[in-house]
Trainee: 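The structure's right below; bear with me while I get my questions together.
Letters go in sequence order (proteins before strands), and every chain restarts at 1.
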There are 2 protein chains.
Amino acid sequence: MKKIRIYIADDHQLIVEGLQRLLLDQDDIIFVGSSNNGLEAEQDILQKEPDIALLDIRMPGKDGLKITQNLFHLQSPTKVIILSMYEDIRYINDAKNFGAYGYLLKNTCREEFLEAIHLVQTGKKIFHKIEAKQTKELIFLTPREKDIIKELSHGKTNQEIADELSLSVQTVMTHRKNIRAKTGTKNLANLLLVLKEQGIDLE
Amino acid sequence: MKKIRIYIADDHQLIVEGLQRLLLDQDDIIFVGSSNNGLEAEQDILQKEPDIALLDIRMPGKDGLKITQNLFHLQSPTKVIILSMYEDIRYINDAKNFGAYGYLLKNTCREEFLEAIHLVQTGKKIFHKIEAKQTKELIFLTPREKDIIKELSHGKTNQEIADELSLSVQTVMTHRKNIRAKTGTKNLANLLLVLKEQGIDLE
DNA sequence: ATAATGCTACCTATTTCTAGGTATTTTTTT
DNA sequence: AAAAAAATACCTAGAAATAGGTAGCATTAT
């Protein structure tokens, strides 16, 4: 019987070793390598072509989602399962769009883990299901609005932002007005909190 | 030969299993229990009195530092090793002050891990050494200042916060002034960004 | 016991932001 | 080509926050 060849990439060595040991118990799984660095992981995966790669999102060098995208783009035969601490619909969607075969939270238990790996090996996809909280309206900010918020996050005043982006102060005010209206927020702290809760990044 | 009895608490089950398996390989170590919840862990530890408890900082119920403090206070014989993702001098100092025997990063490798456990078992203390990057000033916010920021994050005005916390508006303003001075931030968005970057939570 | 820190409170002039609007131009979508 | 969305700009009154102070009292460390 052909063993499932698995590669692991996570910046926390403890997770790597934990997974490794978890997998070594299984006699249909063979561990082919690991890395704590995204760039190294990508190279390794391209070279070793494991059946499955378990990739953390946050890694030095290159994040797991970018690696996924690139592997998919290069038509690598390796199926990626994203490992994440975050139950975040955007990450999950990114993972799906970038061609991953799975998205698992790090607090997944051993049984589910192994089940997921076996399912993915047979070509099925398994994505963590997000709870109901995702029902609330999503907020869409325009690129310009995000620009403004980014500048605000750096402590800029309307005037400074206007200068920076070659706008009039009134325009900056209008954008901020629109942002407040869209988000229903009353001050900047509240705005950032809501953006964080809604999982909106300014890139 | 007496085996070292170890308890593990971490909200990420993967870490728990990883550690568990890592330890099971060692024939002088015996695993006596684990939990993903701080409160449960504390009870378990008090009851089972393991030789060593590996505690995560972030856990639902009760954080590892608080547990450490309480175990020390109750003169528990269990020696605590804090497990953390953060190379943060404040956490390390807390761990020391609360009577922990060790502070290890989660990306510690297996060898160092086992070494640390054995050292701690003999009564030695082992704390992660922080790199030079810790040169940048750390920001210490007082509980009251955190209260104010929390309220601000909920979109409250100074007046509303004053009412809420039974303070005068002037006092709220003073706190905000001090917060700005401490953090070197110019507006609320900037403040929240800096707090995030510095890994400061408002609890 | 002394020092340091944290929390509280006040004052004033100035700056910044908000909440209502309206309105033109550019870009994107259909 | 028409419609929709995004980005731009302006006005005004009023609300809110800032920057510069000073200072008393309570609690915690040393």
Trainee: Between B/H12 and B/D56, is any side-chain donor less than 3.5 angstrom from a side-chain acceptor?
Mentor: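 No, B/D56 and B/H12 have no side-chain donor paired with an acceptor closer than 3.5 Å.
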
Trainee: Between B/K3 and B/D27, is the closest basic N to carboxylate O distance under 4.0 Å?
Mentor: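 Salt bridge absent between B/D27 and B/K3.
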
Trainee: For B/Y7, is the NZ or CZ atom of B/K48 found under 6.0 angstrom from the centre of its six-membered ring and inside 45 degrees of the ring axis?
Mentor: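 Checked: cation-pi criterion not met.
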
Trainee: Using a 4.0 Å cut-off on protein heavy atoms (strictly under), produce a 5'-to-3' string for nucleotides 2-24 of chain D with B for base contact, S for backbone-only sugar-phosphate contact, and - for none.
Mentor: ----SSBBB------SBSBB---

Trainee: Using a distance-only test with no angle check, is there a side-chain donor-acceptor pair under 3.5 angstrom linking A/T171 and A/S168?
Mentor: yes

Trainee: Would you confirm whether B/D10, through its side chain, and B/I15, through its main-chain N or O, come within 3.5 Å as a donor-acceptor pair?
Mentor: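 Not confirmed, B/D10 side chain does not pair with B/I15 backbone.
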
